[in-house]
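Single-structure report; data block below.
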Amino acid sequence: MKKIGFISVIIMVIGLCTGMVFKYHCRDEGIMDICTIEDIRELDCNVNQIFTKEEVASFVNSGKESFEQLSGEVEIYIVHPMNHFIQYSDTMLQELEIVDVIRGESKENEIIRTVQLGGIYDQKYNPVDTFENTRPLFRGMRNLLFSEYQYLIFIEPLALNKYTEMKQYRFENSLFGSFNITSDYSLPIDKPANQIAYNDFGDSEFLCDTQETLDQILELKHSVLERYLP
C-alpha cells in the first residue's frame with residue numbers, strides 16, 4: 001500500500017510540473033486580460049497590415065459593391081462605443097450603446113455587443129509576418145471603435161442571440177462595417193507594416209500609408225454617410 005501511495009504522489013508531482021510547463025509555454029502575453037483601450041496600448045503591439053496605395057482601390061471598389069448590394073436584413077445604427085473589450089482567441093468583442101436606430105430591431109439606449117475577427121493575437125501563431133520582436137499583433141486595417149466618438153455601423157445579428165441576454169452582431173463588412181461620424185482623423189504612415197507599431201496610429205480610423213490612400217477611403221466613407229445618415 002505504501003508503494004502504491006508513493007507512486008501516486010510521484011504521478012501527481014509529475015502531472016503538476018507538466019501542467020506548469022504547459023502553462024508557461026501557453027502564456028498569452030496579457031492578451032486575454034484586455035478590458036480597455038489603455039490595456040491594448042500597454043501591449044505595444046505591432047500591426048500586420050495597412051491600406052496601401054497599391055491595393056486601396058481594390059478594397060474601396062469591393063466596399064462600394066457591398067453597399068450597392070446591401071441586404072435588407074442588415075441593421076443600421078448610430079452608436080456610442082463603450083471602452084470595454086473582450087478578446088477570445090482570434091476574436092474581439094466590444095460593447096456599444098445605440099444612440100439612434102436607422103434600421104433594425106434593437107432600441108435606443110440598448111447595449112449590444114459586436115464580434116469581429118482579429119483584434120490582438122500572439123504573433124507566434126502567424127508565420128507570414130516577420131518582426132524583430134515578440135510583441136503581440138493588432139490585426140485589422142480599420143481601427144477599433146473609440147468611446148470619444150460616435151459611429152454609423154452596419155451589422156447582422158448572430159444566430160446565438162436566442163441564447164444570450166445581450167444581443168451580439170457581426171459587422172456586415174469587415175473593413176467598412178463602421179464609420180466615425182464625429183471625425184475623419186487618420187494619420188498616414190508611409191512605412192512597411194511590419195515596421196510600424198499600432199500605437200503610432202493613435203486614434204486613426206483607418207491604418208493607411210499615404211494621404212492619397214486615405215482620400216480614396218474617405219470618398220467611400222462620405223458617400224455612405226450621405227446616403228444613410230438621417
Side-chain angles (χ1 to χ4, degrees), residues 26-56 59-60 63 79-96 113-151 153 170-171 173-180 182-218 221:
C26 290
R27 289 181 304 173
D28 66 2
E29 309 299 335
I31 295 172
M32 299 305 290
D33 295 329
I34 289 172
C35 292
T36 67
I37 185 64
E38 290 76 21
D39 294 335
I40 294 171
R41 286 173 173 154
E42 284 182 7
L43 293 174
D44 195 20
C45 301
N46 303 294
V47 297
N48 78 325
Q49 192 175 7
I50 63 175
F51 286 102
T52 64
K53 55 189 175 184
E54 294 82 11
E55 300 176 332
V56 65
F59 288 120
V60 168
V79 299
H80 174 243
M82 305 179 75
N83 189 18
H84 183 212
F85 300 91
I86 303 173
Q87 181 79 36
Y88 286 127
S89 184
D90 198 18
T91 305
M92 173 71 80
L93 287 72
Q94 183 175 9
E95 294 179 3
L96 316 172
R113 181 175 287 162
T114 52
V115 181
Q116 65 186 72
L117 292 177
I120 315 300
Y121 67 106
D122 194 320
Q123 66 167 291
K124 68 172 173 268
Y125 299 117
N126 183 55
V128 177
D129 299 311
T130 55
F131 298 86
E132 296 181 354
N133 57 67
T134 59
R135 296 196 300 263
L137 292 178
F138 173 82
R139 189 172 81 177
M141 294 183 284
R142 180 196 70 190
N143 212 333
L144 301 168
L145 276 59
F146 298 112
S147 59
E148 295 87 349
Y149 308 115
Q150 290 188 355
Y151 293 80
I153 64 171
R170 70 173 185 87
F171 287 103
N173 186 297
S174 60
L175 292 178
F176 304 115
S178 68
F179 295 99
N180 187 335
T182 310
S183 170
D184 278 340
Y185 174 77
S186 289
L187 175 66
I189 300 178
D190 193 7
K191 291 167 57 177
N194 66 359
Q195 297 179 20
I196 307 173
Y198 168 73
N199 289 345
D200 291 345
F201 285 103
D203 290 349
S204 295
E205 181 176 10
F206 299 101
L207 314 188
C208 54
D209 61 351
T210 66
Q211 185 63 45
E212 179 183 354
T213 300
L214 175 60
D215 288 342
Q216 294 185 59
I217 298 172
L218 291 179
K221 171 183 174 177

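Source: prediction; values computed, not measured. Note that the numbering runs from 1 along the sequence shown for the chain. Hydrogens, waters and symmetry mates are skipped; everything else that's a heavy atom, side chains included, is used.
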- Query: Is there a donor-acceptor pair under 3.5 Å between the side chain of Tyr151 and the backbone N or O of Phe146?
  - Reply: yes
- Message: A side-chain contact here means heavy atoms from C-beta on lying under 4.5 Å apart; do Phe51 and Leu214 qualify?
- Response: no
- Message: Any non-hydrogen side-chain atom of Met92 less than 4.5 Å from a side-chain atom of Ile40?
- Response: yes
- Once you round to the nearest 0.5 Å, how far does SG of Cys45 lie from CG of Asp122? 10.5 Å
- Query: Quick one: CE on Met82 to OG on Ser147, what's the gap to the nearest 0.5 Å?
  - Reply: 9.5 Å
- Item | Closest non-hydrogen atom pair, Leu187 against Ser204 | N-OG, 2.8 Å
- Note on the structure: To the nearest 0.5 Å, atom CD1 of Ile37 lies from atom CG of Asn143 at 6.5 Å
- Under the side-chain contact (heavy atoms from CB on, under 4.5 Å) rule, collect the residues that match up with Glu38, sequence neighbours excluded. Thr36, Asn83
- Task: Can you see which heavy atom on Ile153 is nearest to which on Ser178, and at what distance?
- Result: CG2-CB, 3.8 Å
- So, does Gln87 use its side chain to make a donor-acceptor pair with the main chain of Ile120 at under 3.5 Å? yes
- Query: What pairs meet the salt bridge (Lys or Arg N to Asp or Glu O under 4.0 Å) rule with one or both residues in residues 192-209, with sequence neighbours excluded?
  - Reply: Arg41-Asp203, Glu205-Lys221
- Item | Spatial distance of atom CD (Glu148) from atom CG (Asn180) [nearest 0.5 Å] | 10.0 Å
- Message: Against Arg113, only a single residue in Glu95, His84, Gln94 fulfils side-chain hydrogen bond (donor to acceptor under 3.5 Å, both in side chains); can you say which?
- Response: Glu95
- To the nearest 0.5 Å, tell me how far Thr114 OG1 sits from Leu145 CG. 6.5 Å
- Task: Would you sort out whether Glu55 and Met141 count as a side chain to side chain contact (heavy atoms under 4.5 Å, CB included), showing the intermediate values?
- Result: CA-CA 12 Å; Glu55 300 176 332; Met141 294 183 284; 6.0 Å; no
- Looking only at heavy atoms, which two atoms of Ile189 and Ile50 are closest? And how far apart? O-CD1, 4.1 Å
- Neighbour count >12 (heavy atoms, 6.0 Å) for atom CD, Glu54: yes
- Item | Worked verdict on Leu144 versus Phe138 for side chain to side chain contact (heavy atoms under 4.5 Å, CB included) | CA-CA 10 Å; Leu144 301 168; Phe138 173 82; 3.8 Å; yes
- Note on the structure: By side-chain contact (heavy atoms from CB on, under 4.5 Å), Thr210 pairs with (sequence neighbours left out) Lys53, Asp190, Glu212, Thr213
- Where is the tightest heavy-atom contact between Ile34 and Asp39, given as atom of each residue plus distance? C-OD2, 3.9 Å
- Non-hydrogen atoms of Phe201 and Tyr185 that approach each other most closely: O-CE2, 4.4 Å
- May I ask you to decide if the ring planes of Phe176 and Phe206 are parallel, tilted or perpendicular, using 30° and 60° as cut-offs? tilted
- Using the side chain to side chain contact (heavy atoms under 4.5 Å, CB included) rule, take Arg139 and Leu117 through it: C-alpha gap first, then chi angles, then the decisive distance, then the call. CA-CA 8 Å; Arg139 189 172 81 177; Leu117 292 177; 3.9 Å; yes
- Message: For a quick test of reading the model, state the closest non-hydrogen atom pair linking Phe131 to Val47 and the distance between them.
- Response: CZ-O, 3.3 Å
- Task: Give a yes or no on whether the backbone of Asn194 and the side-chain of Asn46 come within a donor-acceptor separation of less than 3.5 Å.
- Result: no
